[in-house]
Each structure stands twice: as structure tokens, then as C-alpha cells.
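Hydrogens, waters and symmetry mates play no part in the numbers below; they use all other heavy atoms, side chains included. Numbers restart at 1 for each chain; the letters A, B, ... are given by sequence-line order, proteins then strands.
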Amino acid sequence: MKGRHHIVVETRRLKYEFDIKRNITIIQGDSASGKTTLVSLLREYGMRGESSGVSFVSDVRCEVYYGAADSWERYFESIHNSIIFIDEGYGFIFSKDFADTVSGSDNYFVLITRKPLRRLPYSVNEIYGIRTTGRFHFPEKIYHEFYPLFESDGYPAEKKNPIVLVEDEKSGYQFFSKALDAECIGVGGNAKFYHSIREHTRPDGVLVIADGAAFGAYITDILSLRSAMKNISLYLPESFEWIILRAGVTNAGEVDKILAEPENYIDSSQYLSWERFFTDFLVSATKDDSLRRYHKNKLSGYYLKGKVMSDIIDVLPSDIKALAADSKI
Amino acid sequence: MLNIHFGKVENAFYGPSWFKANYAPEWLADPLVRSFLRDIDRSDYKGGNLIDSEVLGPISPGELSGGVQTLICIYKCPELVFDATSCGNNCARWLLEIGKLEDITVMLEYFMEFNDQEPFRIRIDNTGEIVENIRDYTFAALDILNAEDYDEG
């Protein structure tokens, strides 16, 4: 499935209105914010339609899984091009089998869970809380909306000379270690950031640069660590390939349109997460261009010098740009 | 004291299910339970099985939030271990309040924030460490939740 899907669920007392635009959306947050009530209303509508008294508007089907903990695989096999909501309390969503099911699925999944799903790459931008507006005085209507719990560039570097931690030693590392006037370390995977931050604690601070499109399972713990240590900053672009595409240094067509609304181009059955799409797109767009050809494992010199490097630095947030070696800007 | 076990506890109970199957209406009249209802669910107990919710109107105990249902279970059955993962951060202060009255052990599979709750005393069940401030709690909890051998379930 592709695209952004606007959903309205309404009763005489309650209204939920929100968009779902990636294959994995997480809802978490305080108790009593209305998560389970939303799922209950969707379930009622699914069972009884309009006669339930629940009004439902969406361009795609929404399903709620409320079956046994061991029969979900058969159920999901029978559902296509739908948004599947799963309330908290189902342990199977943390399993490898469930991760395998989501990978390649033409459904979107909305999962209510505070426990992170380390087996799935989901975006920091698709973790939502639910907040209400209204007068909280029954029977006046209460409106519920989703709001993002995290921001991809909301945790700026405050220190002048931080150590820079990136996911691995591939293209992003190769770029940042040359562009920034700072020590750069590839930590060896998203799960290793926590330990690396603990290991590299120092007064000048730590800057984490990670793929926001796949960092959702780690963001809460890293931000909690940031609150305790005070000297951790984060930059979480969709991916390094997304940065290159934004910089306009390739001859790839339709980039602006794609970057403006990636959800309209990224098919969930083909891409488990957006960063894999941006990588494929960049590789494909440059494959016939010997100068700009992009390899994730070995970044072409084209991206590492002169105006091209400067153009890429230019799309970074100002706090990261301030760390760039003077000669590279 | 509040004991927190980070990660799976064999035979721990899922609060919302356990509550629906086993609650006693008289529990709802307890002053501390009334405080959970008011603070978290914006609700008041009216007697019998009736609760008045500012958001939902008249509701039954089975329609309380999962967080409040779990808190009630923890408070009323301190000898059992419940999974407090179904409790949001807004339940943290009430876990500490229960812990002042009873020795309780809860299982937790996410980093619950105890911000603005100092001073407190929490025993980390995995290690036996007692933490009394946010910084020590943060490191103790996150080190376990991010350990390489942590069981994802």
C-alpha cells in the first residue's frame, strides 16, 4: 500500500481524526489518552458497520486484530491493502515472525505499544501520542488528534567539539568524517548507540547522527539518556541518501516531488522502511553516471569534495553545519 | 517499597485482563483508588459498578483505562506481580504512592519516567540496587533495557 490515508472515527461524544502514511505507526503515551477507546470504536464499526453508531471515514479499510495470540498469522494473510490496528497486550508483535509478516506486507500497521519493537525499523516521525481538545464536560464532544512525540531535528548540538556517532562505517560515516571537524565513530548498528554514548561520555558531548526512518525503537531510551547526561545531541534525518537527494547534487528526476510526499511513491510491500527506498532510488538514479554513481559501502569521491560537499553540508541543520570544517563550506 | 523488574517476569499478570476478571466493586471506593480515577481517568466513582467519566460519561469499571486498572490490581493484590508496561508515565507517581504503603514488585518493559517525583526510593529488582534520584534510576533502568542479552520477547 502507498499513500497518506485520512481517517475520521466519530460518535456523538468522541471524534478522532488523523492521517496514517507509513507501513508502521506507533501510538503510545499516557494512560487514559484514548488509545484503547479508538481501537474499540474501530472494532465496533468493523463488526456492525453504521448500525454500531460509529461513523467512519477513510479511503481504505481499517481492521482491528482482536483474535487469539496464536492465530494472527492466518488472519493477516487474508487481509490486503488495509490498515491493521493492534492494541497493546499482544506479545506477538515483538516476535521475528511478526517482523517477517510486516516486511513485504501490502497493509499498514498501527501498533499501540510502549515497549519498543527492536525487530522492526520504524520512523521517529511516526510515533504519536493522542491529545484531546474540548471541555471535558460530558456530553460535550471531545476531539482527539495524533501528535508526534519526537522530532527528527529537535535536539541540537550545544557543544562545540562533540564526538560524532553514526550507525556504521558506510557512506554516511565516510561523508561526515570528512565534512565535519570532529572525531567520527561508526557504532556498528542502531542497537549499539546506547552503549557507545555511555562509553564516549565526555565534556564536549556526543552528537548522534542516525537514520530517523529506522530509529523509532531507540529514540525514547536515547532521549532519556540525554535528559540524564545533558550533553547528547541528535540529528535524525530520514537517511543519509535522503540528505544527498535534498542537496540536489544528482541528476535524479522528480526528486522534489518525491521528497515532498514520499508516501505517495513508497510501496509498503516493496520497502519495509523509507530509508531503503531512498537508497534504492539514489542507486538507481545514478547507476548510469560514472561520476555520481552511488554505492552505500563506498562513497564516490564526487560527494566528498568541492561544491558538491558544500551543497550537501548546506542542507544540514545549522548546528551540524557549524561543526563543518571551514574549508568544506 | 516499589520494586521494578525490567524485562520479562514469568507468570506476571496483564493488569487490564486480570482486573476485568477479578475486581471487586468495593475496591473502587478506596480513597487511593478514587485518586487514581480522578488524576488519570478524570473520573469519579459513584457506587456499585458506576463511574462518571468527564470524557466518556457513565462507564463501568471495565472501561477504565488500562493504566488505572493495572494500578488498582497492583495496590489491591501486592502479593502478585503485574506488568506495569500498561501504565503510562502519568501512573509513575501512583506506583510510588503504593510503594510507600506496601512492598510491591512490578514488571516493566519500557523506560517509565519518574520525573518530578524526587525524592523517591525504588529498588531495581534485577540487580538489587536501590536508586533515590532520576539520574541513578535512568542509568540503572536503561542499562538493563539496552543490555545485549535483554530478552525482546
Side-chain angles (χ1 to χ4, degrees), chain A residues 11-14 28-37 40 69 87-96 98-99 112-120 129 132 134-142 144 191-195 197-198 201 217-218 220-230, chain B residues 6-8 14-17 36-37 39-43 52-59 63-71 83-92 94 108-115 133-148 150-153:
Chain A
T11 68
R12 291 176 71 176
R13 294 196 300 259
L14 305 172
Q28 51 187 225
D30 279 346
S31 291
S33 56
K35 303 178 293 293
T36 296
T37 301
S40 298
D87 200 0
E88 71 177 357
Y90 279 113
F92 69 77
I93 66 169
F94 305 101
S95 69
K96 184 178 179 306
F98 180 71
I112 298 177
T113 176
R114 296 188 182 91
K115 178 182 172 182
L117 294 109
R118 298 268 163 86
R119 290 190 168 96
L120 282 170
T132 48
R135 295 175 60 189
F136 297 115
H137 189 71
F138 180 79
E140 289 187 41
K141 185 167 279 190
I142 307 289
H144 297 73
K192 302 283 179 63
F193 275 109
Y194 177 82
H195 302 283
I197 292 168
R198 293 280 269 141
T201 302
Y218 305 95
T220 303
D221 286 1
I222 298 299
L223 288 182
S224 300
L225 193 58
R226 179 177 187 262
S227 295
M229 294 174 70
K230 308 292 184 198
Chain B
F6 288 97
K8 289 248 176 278
Y14 180 62
S17 298
F36 304 159
L37 266 64
D39 181 55
I40 298 167
D41 282 11
R42 300 187 203 103
S43 299
D52 182 21
S53 161
E54 290 181 9
V55 178
L56 301 170
I59 59 171
E63 294 167 276
L64 290 167
S65 68
V68 163
Q69 290 176 340
T70 303
L71 279 177
D83 181 357
T85 309
S86 48
C87 296
N89 287 326
N90 54 340
C91 297
W94 296 114
L108 206 48
E109 291 199 278
Y110 83 103
F111 180 78
M112 179 179 278
E113 295 176 1
F114 285 87
N115 299 347
N133 60 67
I134 293 292
R135 187 180 164 86
D136 290 349
Y137 166 74
T138 301
F139 290 137
L142 292 179
D143 281 355
I144 296 167
L145 289 168
N146 288 275
E148 289 188 4
Y150 181 77
D151 178 12
E152 299 292 337

Fill in the blank from the handout: Interatomic distance, OG@A:Ser33 vs CD1@B:Ile40, rounded to 0.5 Å, equals 11.5 Å
Problem - Spacing of CD1 belonging to B:Ile134 relative to OG belonging to A:Ser227, to within rounding of 0.5 Å - result: 9.5 Å
Exercise for the section: Could you tell me which portion of B:Phe139 (side chain, backbone, both or neither) has an atom closer than 4.5 angstrom to a non-hydrogen atom of chain A? Expected result: both
Handout entry: Contact origin within A:Ser224 toward chain B - heavy atom pairs under 4.5 Å
Key = both
Problem - Any A:Thr132 side-chain heavy atom under 4.5 Å of B:Val55 side chain - result: no
Handout entry: Between CD on residue B:Glu109 and CZ on residue A:Arg114, distance to nearest 0.5 Å
Key = 12.5 Å
Practice task
Looking only at non-hydrogen atoms, find the nearest pair between A:Glu88 and B:Thr85 and report the distance.
Solution key: OE1-O, 4.2 Å
Handout entry: Side-chain H-bond candidate by donor/acceptor type, A:Tyr194 with B:Asp143, under 3.5 Å
Key = yes
Exercise for the section: Please tell me if the side chains of A:Leu14 and B:Leu56 come closer than 4.5 Å, counting only heavy atoms from C-beta onward. Expected result: yes
Exercise for the section: Give a yes or no on whether the backbone of B:Cys87 and the side-chain of A:Ser31 come within a donor-acceptor separation of less than 3.5 Å. Expected result: no
Exercise for the section: Measure the CG-CD distance between B:Asn89 and A:Gln28 for me, rounded to the nearest 0.5 Å. Expected result: 9.0 Å
Completion exercise
Scored by heavy-atom pairs under 4.5 Å with chain A, the best of B:Ser86, B:Ser65, B:Ser43, B:Ser17 is B:Ser86
Exercise for the section: Please tell me if the side chains of A:Lys115 and B:Asp83 come closer than 4.5 Å, counting only heavy atoms from C-beta onward. Expected result: no
Fill in the blank from the handout: In this structure, CG of B:Leu142 is separated from OG1 of A:Thr220 (nearest 0.5 Å) by 10.0 Å
Practice task
Show the numbers, then the answer: is there a side-chain contact (heavy atoms from CB on, under 4.5 Å) between B:Thr138 and A:Arg226?
Solution key: CA-CA 10 Å; B:Thr138 301; A:Arg226 179 177 187 262; over 6 Å; no
Exercise for the section: Please flag which part of A:Lys192 lies under 4.5 Å from any non-hydrogen atom of chain B: side chain, backbone, both or neither. Expected result: side chain
